[in-house]
Amino acid sequence: MNEEPLMESVTSAVLGVTDFGPHIDLFCGELGFEVANEGIVRAADAARLWGAGVGDVETRLLTAAGARTGRIHLLKVADPVAPAEHPHTLDLGLAGLNLYTRDIEASHDRLVAVGHPWTTAPSTYEVPLGDTVVSVTEGFCFGPDGVDVVFVQPANARGTEAWSADPLRPYTELTSVVCHVPDFEAELRFWGPEGLGLSARYDVTFSSPGLEAMAELPEGTVLRLAFVTGAGGGTTRIEMIQVVDDVRGVDRRPAQRPARGLGHTGWSVRTRDVEAAVARAEETGGRVSCRPFDAVTPLHGAARLAVVDTPNGISVELWQPS
């Protein structure tokens with residue numbers, strides 16, 4: 001009998017915010033998320049999760065049609081370590097939040113009209129996946145506090161809980177969280193079967209003029225791309241990229257710390273066994289910043305929580321419902 005996986009996919013993206021209002025306006029008012037819970041992570045628990053001195057942290061939990069994954073944790077940051085800036089695809093660290101749209105042109109026109117500019121108009125480009133080539137239509141939108149939202153109009157959509165629950169919804173839960181990592185193999189091992197139990201469904205190296213135009217990349221940029229996901233259950237996969245020719249932008253990772261930085265600062269992952277997940281993380285090159293402890297928070301309910309950094313310095317909160 002196969003062992004049950006430690007995790008199914010990324011449960012939530014963690015965003016640092018200066019004010020909840022603009023994020024609620026975008027994700028709830030425009031994209032159809034709901035505020036599923038709100039409240040304060042008390043200073044003692046916040047210090048264990050995110051480091052001493054953050055104090056009480058106000059939070060909001062956003063979900064799309066009640067989906068178990070593809071959620072958003074908003075953390076209000078009292079004293080950000082750096083000003084809000086939008087990551088570029090060449091920058092190291094966490095990048096965009098992806099979700100599906102039924103009509104990307106309508107999404108572009110509406111969001112630009114209400115004050116959320118896009119890097120360019122939506123673009124279509126081709127990506128080799130296995131023995132086939134697929135067309136991808138997407139565009140980058142600038143959200144509040146340096147959050148990049150990537151809208152994808154899929155030719156053949158993967159199943160999502162939001163669209164299964166409500167087929168008429170214009171948007172889904174988050175379908176991918178994106179990171180640019182310098183040590184690709186170490187990150188794959190951390191998340192893979194030896195580590196937390198996910199698998200790279202695709203691992204391709206390619207270049208595309210369409211992608212260059214959409215993401216404002218230098219001509220001839222070669223990317224390695226892997227989609228890391230669970231064997232079953234959970235929508236949100238990790239979209240891992242690396243620029244093959246070592247062209248680099250800014251290293252965003254030092255400022256991407258939950259409850260301290262603004263924008264996309266980490267991931268939250270539900271697991272069936274937090275102690276086992278922490279042990280696997282350490283065995284595959286992760287660094288533990290918070291050992292498992294019991295707490296009750298607005299984001300997790302009653303749970304056992306821990307925090308680890310991946311080999312490339314991405315903050316990952318692991319939690320097991322009590």
Side-chain angles (χ1 to χ4, degrees), residues 13 15 22-33 64 70 72 84-91 93-129 132-158 160 162-163 168-180 202 204 206-225 227 236-237 239-241 243 247 249-250 252 263-264:
L15 308 186
H23 295 268
I24 300 298
D25 289 344
L26 173 60
F27 288 105
C28 298
E30 298 295 337
L31 306 183
F33 282 70
I72 297 171
E85 292 185 317
H86 289 277
H88 188 275
T89 302
L90 294 177
D91 294 347
L94 295 168
L97 308 175
N98 293 16
L99 72 164
Y100 287 163
T101 173
R102 295 202 182 279
D103 186 337
I104 198 167
E105 296 294 343
S107 297
H108 171 266
D109 294 347
R110 169 62 188 174
L111 290 168
V112 168
V114 297
H116 298 293
W118 293 40
T119 56
T120 62
S123 301
T124 299
Y125 60 94
E126 293 185 336
V127 179
L129 293 179
T132 65
V133 175
V134 299
S135 292
V136 178
T137 302
E138 63 180 19
F140 278 79
C141 174
F142 289 153
D145 287 316
V147 174
D148 291 345
V149 183
V150 181
F151 292 91
V152 181
Q153 183 171 319
N156 295 291
R158 294 181 296 117
T160 78
W163 276 357
L168 299 180
R169 290 176 63 91
Y171 301 99
T172 63
E173 68 269 42
L174 301 183
T175 53
S176 299
V177 288
V178 185
C179 62
H180 181 185
Y202 304 102
V204 297
F206 72 104
S207 61
S208 167
L211 176 60
E212 292 165 7
M214 188 272 297
E216 298 184 325
L217 295 170
E219 184 178 354
T221 298
V222 178
L223 286 180
R224 183 178 178 187
L225 166 69
F227 292 117
T236 312
R237 58 191 179 181
E239 189 169 326
M240 194 182 305
I241 64 172
V243 179
V247 175
V250 176
R252 301 285 180 189
H264 189 185

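Since this is a predicted model, take the numbers as computed values, not measurements.
Here E138 pairs with Y125 under the side chain to side chain donor-acceptor pair (under 3.5 Å) rule; sequence neighbours left out.
Considering every non-hydrogen atom in both A95 and P87, the closest pair reads CA-CB, 4.4 Å. When all heavy atoms of T221 and S207 are compared, the pair lying nearest together is O-CB, 3.1 Å. Scanning both residues, F33 and E173, for their nearest heavy atoms gives CZ-CA, 4.0 Å. Here the closest non-hydrogen pair linking L174 and L99 is CA-CB, 4.3 Å. Closest non-hydrogen pair, H108 versus A121, comes out as NE2-CA, 4.0 Å. Here the closest heavy-atom approach between residue G143 and residue H86 is recorded as O-CE1, 3.1 Å.
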Side chain to side chain contact (heavy atoms under 4.5 Å, CB included) between L217 and T89, worked out: CA-CA 8 Å; L217 295 170; T89 302; 3.9 Å; yes
Derivation and outcome, side chain to side chain contact (heavy atoms under 4.5 Å, CB included), residues H264 and V177: CA-CA 9 Å; H264 189 185; V177 288; 4.2 Å; yes
Residue pair T124, V136: steps toward the side chain to side chain contact (heavy atoms under 4.5 Å, CB included) verdict: CA-CA 5 Å; T124 299; V136 178; over 6 Å; no
CA sep, side-chain torsions, deciding dist, call: D145, H23, side chain to side chain donor-acceptor pair (under 3.5 Å): CA-CA 9 Å; D145 287 316; H23 295 268; 2.8 Å; yes
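Listed for the S208 side chain is a donor-acceptor partner under 3.5 Å among the backbone atoms of G210. Proximity of a side-chain donor or acceptor of T119 to a complementary backbone N or O of M214 within less than 3.5 Å is detected. Counting only distance, with no hydrogens or angles, the side chain of T172 and the backbone of Y100 share a donor-acceptor pair below 3.5 Å. Between the side chain of R252 and the main chain of L94, no donor-acceptor pair closer than 3.5 Å is present. D91 contributes a side-chain N or O that, together with a main-chain N or O of H88, makes up a donor-acceptor pair within less than 3.5 Å. Between the side chain of E239 and the main chain of L225, no donor-acceptor pair closer than 3.5 Å is present.
Atom CZ in R169 sits 8.5 Å away from atom OG1 in T160 (nearest 0.5 Å). Atom CZ in R237 sits 4.5 Å away from atom OG in S176 (nearest 0.5 Å). Taken to the nearest 0.5 Å, the CG atom of L97 stands 9.5 Å off from the OG1 atom of T175. Here the OG1 atom belonging to T120 is positioned 12.5 Å from the CD atom belonging to E212, to the nearest 0.5 angstrom. Going from atom CZ of F151 over to atom CZ of F140 covers 12.0 Å, rounded to the nearest 0.5 Å. A distance of 12.0 Å separates CH2 of W118 from CG of D148, quoted to the nearest 0.5 Å.
Using a 4.5 Å heavy-atom cutoff, the side chains of E105 and Q153 are not in contact. Counting only heavy atoms from C-beta outward, the side chains of L111 and L26 approach each other to under 4.5 Å. Taking 4.5 Å as the limit, every side-chain heavy atom of Y202 sits out of range of all side-chain heavy atoms of V134. Contact annotation: the side chain of V204 never approaches that of R224 to less than 4.5 Å [non-hydrogen atoms, C-beta and beyond]. Using a 4.5 Å heavy-atom cutoff, the side chains of L15 and V147 are in contact.
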